[in-house]
Every structure is written in C-alpha cells, then in structure tokens.
*Asks:* 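Below are the structure tokens for one structure; questions will follow.
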2 protein chains.
Amino acid sequence: MKAKPKLEDVAKAAGVSPTTVSRVLNNRGAISDKTRKRVHDAVQRLNYHPNEIARSLFVSKTHLIGIIFPSTSQPFFGEMIAQIENLLFEKNYKVLICNTMDQADKEKNYLNMLLASQVDGVIIGTHSLGIDAYLQAQLPVIAIDRDATGTVTVVRSDHYQGGRMATEELLRQGRTRIVHVNGMHTRRSLSCSQQQKGYEDAMEAHGLPCKTYNIESSLDIRAKKQLLKTMIASHLNLEGIFLSDDITAAIALSIIRKMDRDIAVVGYDGTTTVTTCLPELTTIVQPIRAMAKLTVDLLLKEISNEFSGIKRNYVLPVTLKKGE
Amino acid sequence: MKAKPKLEDVAKAAGVSPTTVSRVLNNRGAISDKTRKRVHDAVQRLNYHPNEIARSLFVSKTHLIGIIFPSTSQPFFGEMIAQIENLLFEKNYKVLICNTMDQADKEKNYLNMLLASQVDGVIIGTHSLGIDAYLQAQLPVIAIDRDATGTVTVVRSDHYQGGRMATEELLRQGRTRIVHVNGMHTRRSLSCSQQQKGYEDAMEAHGLPCKTYNIESSLDIRAKKQLLKTMIASHLNLEGIFLSDDITAAIALSIIRKMDRDIAVVGYDGTTTVTTCLPELTTIVQPIRAMAKLTVDLLLKEISNEFSGIKRNYVLPVTLKKGE
DNA sequence: GTGAAAGCGCTAACAA
DNA sequence: TTGTTAGCGCTTTCAC
C-alpha cells in the first residue's frame with residue numbers, strides 16, 4: 001500500500017509548483033487553462049485528496065461543529081440531531097457528536113476533546129455541566145432548551161404555553177383531577193419548571209388543586225414504570241395526567257390500559273417516532289425542525305462574527321396534537 | 001479577545017523549551033519534578049489546551065471515526081449510534097456523524113469529506129453507495145448489515161432466523177394466512193432478502209402459501225399508511241402480518257385496531273424506544289449493543305493493523321420478544 | 001501567470 | 001534532564 005499522494009506529488013506529476021496546484025484546487029488567482037487542465041489530470045491520475053487537517057492548521061478553521069446531547073437513542077434528540085446535522089452539512093460543516101448519557105464527567109471530557117479538536121462552534125443540548133465551562137472556552141456556543149440568563153444564546157420552545165395547553169386540553173375533556181409528572185428532571189431544568197408553571201396556572205384558573213410528581217430521568221424504564229404504577233394506583237379517582245415527555249407518557253398509557261382505568265394522558269415532545277408508534281397519544285409538539293434551523297443559523301452567524309455581542313433567548317411556539 | 005496560547009507561550013511562561021512542555025504533556029522521557037510542576041503551573045495559568053489538529057498533522061492519526069447511517073432519527077440507528085459512540089469514546093476516539101437520508105449523492109459527498117478529514121476509520125450502515133467507493137479509500141472499514149461478499153468486514157444479525165422466528169410465532173398463534181411486508185427496502189437489501197427467505201421457509205414447512213409486499217423505505221408515513229390500509233382491506237381473511245421493521249409494524253397495528261380486525265402482527269428491530277412505546281408489539285430483537293461492540297472492536301483492530309487481511313461476515317443471533 | 005520561502009502548532013531525532 | 005532543529009501538508013505573501 002503506497003502512501004497517500006500529497007500536494008507536492010501532484011505538483012511534480014503536473015510539472016508545476018505546489019503553489020500552482022493549491023491555487024487551482026482553491027480557485028484562487030489567475031491560472032492559464034493549460035496549467036489548470038494539467039493539474040486536474042494529475043489529481044485524477046494520482047487519486048489525490050487534499051489533507052483537510054493540514055489546511056485547517058494553516059487557516060485555523062476546522063469546519064467542525066461539536067454537538068453535545070444526552071443521547072441519540074432518545075427520539076427527541078435523535079430527530080433534533082438529524083435536523084441539525086443536515087443543515088450543517090448544507091453549509092459545509094462536519095459534526096462531531098457527543099452523547100453525554102447525562103454524566104457530567106463525560107460531558108466535561110467531551111468539551112475538552114472538542115476544544116482540543118479546534119471545533120469552530122458548539123451546540124449544547126445538555127444540563128449536567130455549568131454554563132461557565134462553555135463560556136471559558138471562548139467559543140461560539142448556542143444552547144438548546146437551557147436556562148442560561150444572558151450569558152449565552154438559547155433556543156427553546158415555549159414550555160410555559162406547552163404546560164398550559166396540555167392542562168387545558170385535559171380540562172376541556174372534562175377532567176378535573178389532574179396530576180403532572182415531571183420526568184427527565186436533570187435533563188431539562190428549565191423546561192421542567194416552566195411546564196409546571198403552565199400546568200399550575202391552568203389548574204388555578206379553574207380553582208383546581210395541583211400536584212406534581214418528579215421522576216428522575218436517569219431511572220430506567222422498569223423503575224419508571226414501577227413509580228408510575230404506584231402513583232396511579234394510589235389515586236383512585238384520578239382523571240388525567242400530564243407528563244413532560246412522550247416516552248414516560250407512553251409508559252403511563254400502557255399501565256392505564258392494563259389497569260383498565262379511565263385516565264386521559266397528555267405527553268410532551270411530539271416526535272415523529274412516538275406519534276407514529278402511538279398515534280392515539282395526545283401530546284404537545286415541540287417545533288424540532290424550526291429549533292434546529294434557528295440554532296444552526298445563529299451559530300453560523302456567531303462563527304462569522306455577526307451578532308457577536310448579543311446573547312438572547314429565542315422562544316418558539318409549541319402546538320397541540322390531539323390523539324386519534 | 002486574546003489569541004489562544006500555544007505550546008511556545010507555555011514554554012516561555014515556564015522558562016523552558018517547547019520540547020520540554022510537549023514531553024511533560026505527553027508523559028514522555030524523563031523530566032525533573034521541578035520542571036514538571038513549572039510547566040503544569042504555566043499551563044494552568046494560561047488556560048492552555050493543546051491543538052489536536054497540529055498534533056494530528058504530525059503523527060498522521062486523527063482519532064476520528066466517521067460513521068455513516070441513514071438517520072439518527074430512526075430509533076434503530078439512533079440506538080446503534082449511541083452505543084457505537086459510547087464505545088469509541090472509551091477508546092478515546094471521536095465520532096464524525098453522517099446522516100445520508102438515503103441519498104446516494106449525499107453519501108458520496110460525506111465519504112469525500114471523511115477522507116479529507118483524515119478519519120482513521122469508517123463504519124457504514126447504509127446501502128446507497130457501492131462498496132467499491134469505500135474500498136478505493138484504502139481505509140479501515142466495517143459495514144453493518146450489508147451485503148458485501150468478502151471485500152469488507154460485515155457485522156449483522158441473523159435475518160434468516162429472524163424471518164423464520166417471526167413467522168413461526170404467528171403460526172404458533174394458530175394463524176395460517178400470513179403475509180410479509182418488506183419495508184425499508186433500499187435501506188437494507190441484505191436483511192430484506194434474508195428475512196423473506198426465513199418467512200418463506202417457515203411457511204413452506206407448513207405447506208402454506210407465501211406473499212411478500214414491498215414498501216419503499218423512502219415513502220413518508222402517510223403514504224405507507226395508505227398502502228398498508230389498502231393491502232389489509234384487500235385481504236378479507238388475513239390473520240397475520242410479519243413486517244420487517246417496527247415502525248411500519250406500529251402503523252399496521254394502529255390500522256388494524258381502527259378497522260377492528262383480528263390480525264396478529266410481528267415487527268422487527270426491537271429497539272428500546274419502540275418496545276417502550278408499544279409493549280404489546282411482538283417483535284424480533286436485533287442485538288444492537290452486541291453489534292455495536294463487535295463493530296467497534298473489529299474496527300479498532302483493523303486500525304491497529306491486526307487482522308488486516310481477514311474480511312468476513314459476523315452474524316449475531318436475534319431473539320423473539322413477545323408482546324405483553 | 002507562476003514559483004520560492006516562510007510558517008500554521010506540534011513532535012521526535014539528535015545533540016548537549 | 002533539557003534544548004536545537006527539522007518537518008508533518010498545506011496556503012499565502014512577495015517576488016519575478
């Protein structure tokens with residue numbers, strides 16, 4: 001196996017200088033058609049591929065974006081990541097992916113890896129690590145769905161409205177004894193409190209009492225199921241549950257069916273995956289595509305140094321999807 | 001905003017040579033405790049982070065692995081990618097992710113991007129591009145679930161057994177009029193034909209007639225739903241359907257419920273996501289974790305030049321998960 | 001329209 | 001135990 005050809009090899013093969021080859025490849029300066037052709041032929045002949053690493057080193061830009069999320073295996077993140085990745089690809093950026101699995105130390109390691117890899121920017125969709133760690137990095141950063149007041153640009157959806165709409169949908173169905181299950185706690189500190197506020201305001205507007213249960217996100221499905229089972233069994237006259245993510249809602253739904261109770265459920269996220277598997281689930285849909293688009297746009301602007309100073313929160317509207 | 005400190009800056013601050021700093025940071029050679037401390041202090045003080053790009057250029061190894069899959073938004077791939085990423089992280093590799101969205105041209109572009117980025121190896125989970133494109137690259141490659149006879153190492157699960165087990169489960173339930181829906185066609189040419197063979201052999205062993213429908217993977221959910229609806233409506237005495245992925249199976253299940261027909265369904269993949277959302281679905285479970293582990297192990301071995309010549313197929317067993 | 005030379009930030013021979 | 005020097009593969013002044 002022979003070594004990869006380099007610029008110099010192409011230059012020799014084409015009988016020109018390395019500079020000329022570089023110019024042809026990057027379309028810079030004036031080149032005669034004859035030379036251009038000779039160079040292209042040589043590139044073809046040697047099956048030459050430019051070494052992006054060497055290029056990056058010189059121009060100190062890698063076209064690499066690090067994205068940090070809990071895990072691609074959760075539909076919400078999987079779908080978000082797919083969108084982000086597609087948009088970045090169109091703009092010629094490559095994506096370094098980091099699944100933190102909600103472990104702060106892993107996230108910490110990743111951040112260092114990303115910095116060492118000279119990424120041009122970072123998208124954070126996690127909460128384990130303090131935002132300071134990212135600010136220190138002096139890197140363009142956009143956070144998704146994170147509570148970071150003014151220090152970093154944040155894109156999120158309107159969780160207050162989401163909580164409110166979910167609760168109002170249950171009320172509209174004539175349910176009054178409604179509890180809120182706040183799953184995925186560590187994962188989304190902000191969304192949790194906002195959703196809860198929406199739920200509470202909606203309930204109070206009708207003079208109804210509130211009750212929120214918290215279920216740790218780190219728990220596995222078995223454990224969540226057990227907790228939900230106990231909770232539901234202890235509420236003999238429960239009529240509705242609002243759960244802050246669709247997976248937990250799906251678990252609740254199956255428990256309710258098995259217990260043969262009449263309890264309405266509203267979930268949260270509205271991913272394509274879950275709504276396809278469970279079209280009967282009523283849920284609050286986060287605008288994943290729009291969030292991804294905005295995030296990427298903002299990040300690329302920050303990278304190109306527009307809007308550098310302005311850190312603000314962008315809040316996108318959610319919608320209700322009624323179960324079939 | 002001051003420029004990032006480099007090795008030289010640290011050297012100056014510590015009053016030593018760049019070489020010494022490099023040695024301290026990489027734990028090479030013998031260094032006096034005093035110097036070591038001085039260097040570490042300087043690193044701390046300047047908040048220095050080594051430039052991995054420069055290092056990569058020198059050692060011509062990037063610790064970057066490219067992984068090419070249709071999309072993180074599909075649970076099977078999302079879960080597979082999360083596993084792969086975790087295992088690679090443990091071995092100090094970073095992951096460049098590529099969602100091809102089943103578009104051959106995008107995959108082609110990605111491959112070139114990966115080559116230019118000097119990745120140390122590639123994992124392919126797609127079928128759009130011919131395997132030749134990858135072989136040409138002269139790069140360590142492992143393919144997942146792909147039909148590539150002898151030219152590249154392949155990891156997959158036993159789709160023949162999967163098809164057989166699925167069909168036999170339906171037969172065990174007393175169903176005899178069973179059709180096979182081969183979804184996700186382009187996505188997995190190999191698995192399709194193997195599953196079908198398993199289905200056919202199981203049916204023929206009982207002297208029953210076979211019928212396989214193909215549904216293009218590129219279709220959206222609406223279209224798939226329509227096709228399935230028509231298909232089911234046209235079979236007045238259908239008793240069972242084996243579908244080659246869980247998402248399509250979920251769609252079928254909801255149609256059947258709405259039509260109030262008595263048709264048993266068996267799906268394929270058995271992802272955590274779908275089995276959580278739809279615990280009542282009977283499905284064939286692919287050993288995602290084991291596949292990821294084997295794939296990563298094989299790739300790292302190829303990268304370190306062990307087993308370089310041996311390209312073979314590794315087939316892992318599937319299991320049946322009965323619906324609740 | 002083209003080339004020679006310097007250097008991006010790092011590491012590894014080779015000296016001392 | 002430490003420093004000097006050269007060079008990884010590329011791009012870009014500056015000169016012709």
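Every chain is numbered from 1 and lettered A, B, ... according to where its sequence line falls, protein lines coming before strand lines. Keep in mind the model is a prediction, meaning the values are calculated, not measured.
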*Asks:* Would you say the side-chain atoms of S22(B) pair up with the backbone N or O of P18(B), donor to acceptor, closer than 3.5 Å?
*Replies:*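 No; zero donor-acceptor contacts below 3.5 Å.
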
*Asks:* What parts of residues 13-25 of chain B reach DNA chain C, counting only heavy atoms under 4.0 Å away?
*Replies:*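 Here the set is T19(B), S22(B).
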
*Asks:* Per the ring pair (Phe, Tyr, Trp, His ring centres under 6.0 Å) rule, what does the pair list look like for residues 86-105 of chain A, sequence neighbours excluded?
*Replies:*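 Residue pairs with at least one partner in residues 86-105 of chain A: H63(A)-Y93(A), F89(A)-Y110(B).
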
*Asks:* How would you label the contact of I31(A) with the nucleic acid (heavy atoms, under 4.0 Å): base, sugar-phosphate, or nothing?
*Replies:*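 Contact class for I31(A): sugar-phosphate only.
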
*Asks:* Using the side chain to side chain contact (heavy atoms under 4.5 Å, CB included) rule, take I142(B) and V296(B) through it: C-alpha gap first, then chi angles, then the decisive distance, then the call.
*Replies:* CA-CA 8 Å; I142(B) 308 287; V296(B) 167; over 6 Å; no

*Asks:* Check side chain to side chain contact (heavy atoms under 4.5 Å, CB included) between K12(B) and all other residues, then give those that pass, not counting sequence neighbours.
*Replies:*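 In terms of side chain to side chain contact (heavy atoms under 4.5 Å, CB included), with neighbours along the sequence ignored, K12(B) is linked to E8(B).
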
*Asks:* Scan for ring pair (Phe, Tyr, Trp, His ring centres under 6.0 Å) pairs involving residues 20-56 of chain B, sequence neighbours excluded, and state none if there are none.
*Replies:*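 Those involving residues 20-56 of chain B do not exist here.
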
*Asks:* Determine the sole option in I68(B), V122(B), I65(B), L114(B) for which the side chain to side chain contact (heavy atoms under 4.5 Å, CB included) test with L96(B) is passed.
*Replies:*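 Single pass found, and it is L114(B).
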
*Asks:* Between V24(B) and T35(B), does the side chain to side chain contact (heavy atoms under 4.5 Å, CB included) criterion hold? Intermediate values first, please.
*Replies:* CA-CA 9 Å; V24(B) 171; T35(B) 332; 5.6 Å; no

*Asks:* Under 4.0 Å from a heavy atom of chain A: give me the 5'-most and 3'-most nucleotides of DNA chain D that qualify.
*Replies:*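 Counting from the 5' end, contacts occupy dG9(D) to dT12(D).
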
*Asks:* If you take any heavy atom closer than 4.0 Å to DNA chain C, which residues from residues 52-60 of chain A end up in contact?
*Replies:*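 Within residues 52-60 of chain A, the residues near DNA chain C are L57(A), F58(A).
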
*Asks:* Output the pairing pattern of DNA chain C as a dot-bracket string, 5' first, Watson-Crick or G-U wobble with both distances under 3.5 Å, | for cross-strand pairs, [ ] for crossing pairs.
*Replies:* ||||||||||||||||

*Asks:* Have a look at M80(A) and tell me which of I144(A), I123(A), I67(A) forms a side chain to side chain contact (heavy atoms under 4.5 Å, CB included) with it.
*Replies:*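 In the set I144(A), I123(A), I67(A), the residue that makes a side chain to side chain contact (heavy atoms under 4.5 Å, CB included) with M80(A) is I144(A).
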
*Asks:* Among residues at least two apart in sequence or on other chains, which ones pass side chain to side chain donor-acceptor pair (under 3.5 Å) with N86(B)?
*Replies:*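 By the side chain to side chain donor-acceptor pair (under 3.5 Å) rule, N86(B) matches K106(A).
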
*Asks:* Rounded at 0.5 Å granularity, tell me how far CD1 in I303(A) sits from CG in L139(A).
*Replies:*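 Reported value, rounded in 0.5 Å steps: 8.0 Å.
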
*Asks:* Between the main-chain N or O of S73(A) and the side-chain N or O of S71(A), is there a donor-acceptor pair closer than 3.5 Å?
*Replies:*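 Judged by distance alone, yes, a pair lies under 3.5 Å.
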
*Asks:* Taking only residues two or more places apart in sequence, or in another chain, which ones meet K108(B) in a salt bridge (Lys or Arg N to Asp or Glu O under 4.0 Å)?
*Replies:*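 If we apply the salt bridge (Lys or Arg N to Asp or Glu O under 4.0 Å) test to K108(B), skipping adjacent residues, there are no hits.
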
*Asks:* Applying side chain to side chain contact (heavy atoms under 4.5 Å, CB included), name anything that partners T19(B), two or more places apart in sequence or on another chain.
*Replies:*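 So T19(B) forms a side chain to side chain contact (heavy atoms under 4.5 Å, CB included) with S17(B), R23(B).
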
*Asks:* For T62(A), give me all partners under side chain to side chain contact (heavy atoms under 4.5 Å, CB included), at least two apart in sequence or on another chain.
*Replies:*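 In terms of side chain to side chain contact (heavy atoms under 4.5 Å, CB included), with neighbours along the sequence ignored, T62(A) is linked to S56(A), L64(A), Q118(A), D120(A), I53(B).
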
*Asks:* Shoot me the first and last contacting nucleotide of DNA chain C against chain B, ordered 5' to 3', at under 4.0 angstrom to non-hydrogen atoms.
*Replies:*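 Here the contact window of chain B covers dG9(C) to dA13(C).
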
*Asks:* May I ask you to decide if M291(B)'s main-chain N or O and T295(B)'s side chain share a donor-acceptor pair within less than 3.5 Å?
*Replies:*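 Answer holds: yes.
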
